[in-house]
Student: 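Supplied in structure tokens, the structure appears directly below.
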Amino acid sequence: MTTADPQFDGMYGPFTITSTDREEVQRYRICLLVSGISLSAGLLQWWLVGGHWAWLWLLPLGVSLGLALQWIHIYLRPLHQALQLFWLLGCLGWLVLMLQTSAHEALNTLAIQPRWLLAIGPMFAALTGIGFKEFFCFRRPEAVGLTLLLPIALLGRLLGLVGNGACGMLVLVAGLLLVVLAVRKFGMDAAADVGDKSVFAYLDAQREGAGS
């Protein structure tokens with residue numbers, strides 16, 4: 001902490017936004033942007049060129065989403081850990097899909113056999129959780145779209161209510177909305193993403209008290 005670090009009055013006392021906090025927020029926003037670009041570009045390549053190499057976009061998507069969940073600020077630790085668990089399960093689901101078929105045929109297999117959505121769906125559940133957090137904190141309309149479109153697309157496809165084309169279009173729109181969300185966040189003060197650090201301190205103290 002330096003004398004230049006801004007100080008705020010929180011619910012449970014004063015707190016300071018440090019350079020470390022600002023760096024984490026910047027990384028979080030960059031990871032959201034990479035996630036949105038990767039999801040959108042992967043779908044577009046799949047549609048325009050085919051799925052033979054489009055699966056490569058899953059690598060930056062998975063890594064950036066995992067890092068975003070590392071640097072996101074959520075008051076409730078169980079919720080934070082649940083989103084990270086969803087991300088991990090989704091990554092494992094993609095790995096199993098690729099081992100069962102091949103990396104080059106994974107996306108085409110997913111289109112033909114939508115039951116694989118049960119395996120890879122948790123990754124998108126984690127992304128939906130980020131969208132819900134962003135809407136709950138900032139009421140951004142693009143966050144609403146992200147939160148609603150992914151479940152509608154994937155659950156609709158899994159239940160046979162939505163075809164491949166409509167499902168892909170909905171996921172593409174969700175990816176583009178994530179790009180918009182991330183770009184707009186770069187103009188916000190870092191303190192907005194950090195939140196009330198006194199709440200984090202209070203909850204940590206509560207957990208330590210319960211464990212002692």
Side-chain angles (χ1 to χ4, degrees), residues 28-47 51 54-55 57-72 74 76 79-97 106-185:
Y28 168 68
R29 294 171 179 177
I30 291 172
C31 286
L32 284 189
L33 180 59
V34 173
S35 296
I37 291 174
S38 300
L39 180 58
S40 304
L43 278 170
L44 287 173
Q45 182 173 338
W46 185 13
W47 283 352
W55 66 272
W57 289 102
L58 291 170
L59 300 178
L61 173 60
V63 171
S64 60
L65 180 57
L67 290 175
L69 290 170
Q70 176 67 29
W71 291 315
I72 194 173
I74 298 178
L76 299 178
L79 177 58
H80 190 179
Q81 293 173 335
L83 294 181
Q84 291 177 317
L85 178 60
F86 286 153
W87 167 80
L88 178 60
L89 291 174
C91 290
L92 292 175
W94 278 111
L95 180 60
V96 171
L97 173 57
L107 294 176
N108 292 332
T109 300
L110 183 63
I112 298 171
Q113 302 176 30
R115 68 177 183 274
W116 279 106
L117 289 172
L118 292 172
I120 61 115
M123 174 186 284
F124 294 96
L127 189 53
T128 301
I130 292 178
F132 179 79
K133 181 263 182 185
E134 291 293 332
F135 168 70
F136 183 81
C137 294
F138 306 111
R139 298 296 191 270
R140 292 291 176 84
E142 59 269 23
V144 179
L146 175 63
T147 305
L148 295 179
L149 291 181
L150 286 177
I152 290 173
L154 300 183
L155 289 176
R157 182 70 190 105
L158 184 62
L159 297 174
L161 302 176
V162 174
N164 279 329
C167 177
M169 180 60 67
L170 290 173
V171 176
L172 175 60
V173 173
L176 294 174
L177 288 175
L178 180 57
V179 172
V180 173
L181 173 68
V183 169
R184 291 186 67 191
K185 289 183 71 66

Student: Backbone N or O of L61 within a donor-acceptor pair of the S64 side chain at under 3.5 Å?
Tutor: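 Answer holds: yes.
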
Student: Roughly how far, to the nearest 0.5 Å, is the CG atom of L83 from the CG atom of L88?
Tutor: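 If I round to the nearest 0.5 Å, the distance is 12.5 Å.
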
Student: Taking atom OG of S38 and atom CG of L33, what is their separation to the nearest 0.5 Å?
Tutor: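 One finds 9.0 Å between OG of S38 and CG of L33.
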
Student: Less than 4.5 Å apart, side chain to side chain, heavy atoms only: is that true for W116 and V96?
Tutor: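 In short, these two side chains touch, coming nearer than 4.5 Å.
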
Student: So, for M123 and C91, which heavy atoms are closest and what is the spacing to 0.1 Å?
Tutor: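 That would be CE-SG, 3.5 Å.
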
Student: Measuring from I74:CD1 to F136:CZ, what's the distance to the nearest 0.5 Å?
Tutor: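 That separation rounds to 11.5 Å.
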
Student: Flag the pair W46 / L172 as yes when at least one side-chain heavy-atom distance between them is below 4.5 Å, and no otherwise.
Tutor: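 Sidechains of L172 and W46: no contact.
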
Student: Checking salt bridge (charged side-chain N to carboxylate O under 4.0 Å, His left out) against E134, which of R140, R29, R139, K185 comes through?
Tutor: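 Exactly one candidate clears the test, K185.
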
Student: Before giving the answer on side chain to side chain contact (heavy atoms under 4.5 Å, CB included), spell out for L65 and C31 the whole-Å C-alpha distance, their side-chain angles and the decisive distance to 0.1 Å.
Tutor: CA-CA 6 Å; L65 180 57; C31 286; over 6 Å; no

Student: Which pair of non-hydrogen atoms, one from G93 and one from I120, has the smallest distance, and what is that distance?
Tutor: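 Residues G93 and I120, closest heavy atoms: C-CG2, 3.8 Å.
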
Student: Of the non-hydrogen atoms in L117 and L158, which two are nearest, and what is the gap between them?
Tutor: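 Reported closest heavy-atom pair: CD1-N, 3.9 Å.
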
Student: Any side-chain heavy atom of L150 within less than 4.5 Å of one from V171?
Tutor: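 Side-chain contact under 4.5 Å: yes.
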
Student: Indicate yes or no: at least one non-hydrogen side-chain atom of L39 is less than 4.5 angstrom from one of L127.
Tutor: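 Sidechains of L127 and L39: in contact.
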
Student: Over all heavy atoms of both residues, which pair between C167 and L154 is shortest? Give the atoms and the distance, please.
Tutor: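 Taking every non-hydrogen atom into account, SG-CD2, 4.2 Å.
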
Student: Is there any side chain to side chain donor-acceptor pair (under 3.5 Å) pair reaching into residues 152-179, and which pairs are they, with sequence neighbours excluded?
Tutor: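 Found R157-N164.
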
Student: Taking the side chain as every heavy atom from C-beta outward, state whether W47 and M169 have any atom pair closer than 4.5 Å.
Tutor: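 Yes - at least one pair of side-chain heavy atoms lies under 4.5 Å apart.
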
Student: Return the minimal non-hydrogen interatomic distance between L107 and A54, and the atom names on each side.
Tutor: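 That would be CD1-CB, 3.7 Å.
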
Student: Dump the intermediate steps for side chain to side chain contact (heavy atoms under 4.5 Å, CB included) on W94 and L110, then the final yes or no.
Tutor: CA-CA 10 Å; W94 278 111; L110 183 63; 3.8 Å; yes

Student: Ignoring hydrogens, what is the shortest heavy-atom contact between A125 and F86? Give both atom names and the distance.
Tutor: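 Minimum heavy-atom contact is CB-CD1, 4.2 Å.
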
Student: Hey, what do you get for CG (L146) to CG (L176), rounding to the nearest 0.5 Å?
Tutor: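 Separation between the atoms: 11.0 Å.
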
Student: Within a reach of under 6.0 Å around CZ of F132, are more than 12 heavy atoms found that belong to other residues, nucleotides or ligands?
Tutor: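 Count not over threshold, so no.
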
Student: How many angstroms lie between CG in L69 and CD1 in I130, if you round to the nearest 0.5 Å?
Tutor: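 Answer rounded to 0.5 Å: 4.0 Å.
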
Student: Check the surroundings of atom CZ in F124: do more than 12 heavy atoms from other residues, nucleotides or ligands lie under 6.0 Å from it?
Tutor: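 Enclosed: over 12 neighbouring heavy atoms sit under 6.0 Å from CZ of F124.
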
Student: For the CG atom of L76 and the NZ atom of K133, what is their distance to the nearest 0.5 Å?
Tutor: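 Nearest 0.5 Å value for the CG-NZ distance: 12.0 Å.
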
